[in-house]
Amino acid sequence: MGIGAVRGDFEWVYNDQPHTSRRKEILAKYPEIKSLMGPDPQLKWVVSGMVLTQLLACYLVHDLSWKWVLFWAYAFGGCINHSLTLAIHDISHNVAFGNKQARWNRWFAMFANLPIGLPYSASFKKYHIDHHRYLGGNGLDVDVPTDLEGWFFCTPWRKVLWLFLQPFFYALRPLVVNPKPVSRLEALNGVVQFVGDILIYYLWGLKPVLYLISGSILCMGLHPISGHFIAEHYMFLKGHETYSYYGPLNLITFNVGYHMEHHDFPSIPGSRLPLVKKMAAEYYDFLPQHTSWVRVLWDFVFDDSIGPYARIKRHYKLVKQE
């Protein structure tokens with residue numbers, strides 16, 4: 001098991017991330033994998049159906065009592081919204097309309113963002129590039145917890161609290177670790193989201209708006225689907241920083257569980273990542289993998305050797321542009 005949490009520090013390494021070299025090796029052996037790259041023509045229709053489903057749900061919950069609004073937010077709506085955040089993850093790699101239509105991808109991500117209730121897509125895109133380029137990079141990869149998180153959230157109950165508050169840490173951590181100026185795209189994302197929320201409020205009142213926002217927060221916190229946040233890069237085995245999960249929850253999460261494959265080939269849509277594993281099976285079958293996101297959450301909470309500190313970090317030398 002990982003020892004970062006016990007030692008009170010991250011696991012510092014001084015080599016490059018493994019995905020770069022593995023990508024080159026796999027492409028040299030299986031060049032046909034390049035044919036999997038490019039847009040997924042079905043993605044825009046699947047996402048549009050999910051957005052319309054949430055719009056229908058807003059109508060259906062507007063007359064329910066508050067306890068049932070919150071129940072359906074956690075049990076149903078939040079699951080769709082979490083899945084939409086993962087659709088936005090895919091769209092951030094331009095797999096909805098392709099690299100030549102980058103603006104269409106950004107605008108469509110804002111459309112996918114609407115049921116989430118809070119602006120998300122533009123900021124995610126801005127920081128997610130760094131996560132791939134500088135995996136585990138000190139001061140660069142905002143997916144890695146801060147020292148304060150690692151120091152404080154080190155007991156089972158504190159780790160449960162950290163999981164519950166995870167969406168807030170994901171939102172606020174970039175402002176501390178790697179602050180960047182607000183872009184025009186982020187401002188537009190905020191305006192579009194505000195207009196969408198106001199329109200729903202005008203049509204059906206406050207309950208549907210809180211159904212959307214509370215579902216997003218609850219299901220990105222302590223929820224079985226949120227196990228992917230921990231499963232992807234927390235060091236459950238010393239020296240291994242990325243893990244895949246091949247279980248049934250991939251069906252509702254755009255195959256985000258195929259995370260080693262995704263980091264090896266980020267331009268391949270989630271729908272085609274199982275083909276990467278099938279074509280280059282010898283590169284993935286014997287790497288450490290998770291079999292249950294619920295088990296991941298359980299182990300994270302109750303295994304003393306795993307916590308926010310159980311992450312691999314490295315320094316990157318950046319070339320400054322004159």
Side-chain angles (χ1 to χ4, degrees), residues 2 4-5 9-13 16-20 82 85-93 109 116 120-153 159 162-180 186 216-217 219-223 225-237 239-245 253-266 270 288 290 293 296-297 300 306-316 318:
D9 193 4
F10 299 103
E11 180 78 4
W12 289 91
V13 299
D16 193 12
Q17 57 172 291
H19 304 287
T20 305
H82 195 137
T85 67
L86 297 172
I88 290 170
H89 164 256
D90 245 18
I91 297 166
S92 74
H93 292 284
I116 296 171
Y120 167 83
S121 64
S123 296
F124 177 82
K125 165 66 175 177
K126 180 171 70 175
Y127 283 102
H128 191 62
I129 295 172
D130 291 340
H131 172 62
H132 277 270
R133 187 177 297 163
Y134 309 115
L135 182 62
N138 185 47
L140 296 169
D141 185 359
V142 299
D143 188 63
V144 178
T146 62
D147 275 301
L148 181 61
E149 292 171 72
W151 169 77
F152 184 78
F153 297 102
K159 286 190 277 186
W162 185 80
L163 290 171
F164 182 76
L165 297 175
Q166 198 166 203
F168 299 100
F169 285 113
Y170 267 85
L172 298 175
R173 191 185 298 139
L175 305 179
V176 176
V177 175
N178 188 15
K180 298 181 180 183
E186 287 175 291
S216 298
I217 294 173
C219 285
M220 290 183 71
L222 196 59
H223 191 277
I225 297 177
S226 291
H228 80 86
F229 286 123
I230 307 300
E232 289 165 1
H233 296 294
Y234 282 79
M235 192 175 61
F236 282 74
L237 287 175
H240 292 274
E241 62 184 313
T242 306
Y243 302 78
S244 282
Y245 156 81
T253 57
F254 295 91
N255 285 329
V256 74
Y258 287 77
H259 217 66
M260 287 185 291
E261 294 84 351
H262 170 64
H263 270 264
D264 288 351
F265 301 99
H290 294 293
W293 282 341
V296 164
L297 293 173
F300 179 83
I306 305 173
Y309 264 140
R311 290 291 296 263
I312 285 178
K313 291 188 75 173
R314 52 175 60 86
H315 289 286
Y316 285 90
L318 301 184

Would a 4.5 Å heavy-atom cut-off, applied to side chains only, mark [X] and [Y] as touching?
X    : Y    : answer
L237 : Y243 : yes
E241 : P18  : yes
H259 : Y245 : no
V144 : V177 : no
L148 : W151 : yes
L163 : F153 : no

Handout entry: Output field: ring centroids F169/F229 closer than 6.0 Å
Key = no

Answer yes or no: is there a donor N or O on one side and an acceptor on the other, between the side chain of [X] and the main chain of [Y], under 3.5 Å?
X    : Y    : result
Y127 : K180 : yes
K159 : G307 : no
D90  : G270 : yes
Y316 : L135 : yes
R314 : V13  : no
K125 : S92  : yes
S216 : I116 : yes

For the residue pair [X] and [Y], what are the closest heavy atoms and their distance?
X    : Y    : answer
G221 : P167 : CA-CD, 3.8 Å
N178 : L140 : ND2-O, 3.6 Å
G257 : W293 : CA-CZ2, 3.9 Å
D143 : R173 : O-NH1, 3.4 Å
P308 : P145 : O-CG, 3.5 Å

Please report the interatomic distance [atom1]([X]) to [atom2]([Y]), rounded to the nearest 0.5 Å.
X    : Y    : atom1 : atom2 : result
M260 : H240 : CE    : NE2   : 9.5 Å
H89  : T253 : NE2   : OG1   : 11.0 Å
H315 : K313 : NE2   : NZ    : 7.5 Å
I88  : F254 : CD1   : CZ    : 10.0 Å
I230 : Y234 : CD1   : OH    : 4.5 Å
L222 : Q166 : CG    : CD    : 9.5 Å

Do you see a donor-acceptor pair shorter than 3.5 Å between the side chains of [X] and [Y]?
X    : Y    : answer
H132 : H262 : yes
T242 : H19  : yes
H128 : H93  : yes

Practice task
May I ask you to check whether over 12 heavy atoms, not counting those of Y170, lie within 6.0 Å of atom OH?
Solution key: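 Yes, because the 6.0 Å sphere around OH of Y170 holds more than 12 heavy atoms from other groups.
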
Exercise for the section: Could you label the plane-to-plane angle of the F10 and Y309 rings as parallel, tilted or perpendicular, counting under 30° as parallel and over 60° as perpendicular? Expected result: perpendicular

Problem - Side-chain ion pair, E149 and R311, N-O less than 4.0 Å - result: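 Between R311 and E149 there is no salt bridge, as every charged N stays at least 4.0 Å from the carboxylate O atoms.
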
Practice task
Going by the side chain to side chain donor-acceptor pair (under 3.5 Å) test, name the single residue among E232, Q17, H233 that passes it with H263.
Solution key: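 Looking at E232, Q17, H233, the match for H263 under the side chain to side chain donor-acceptor pair (under 3.5 Å) is H233.
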
Exercise for the section: Run the numbers on H290 and H228 for side-chain hydrogen bond (donor to acceptor under 3.5 Å, both in side chains), then give the verdict. Expected result: CA-CA 10 Å; H290 294 293; H228 80 86; over 6 Å; no

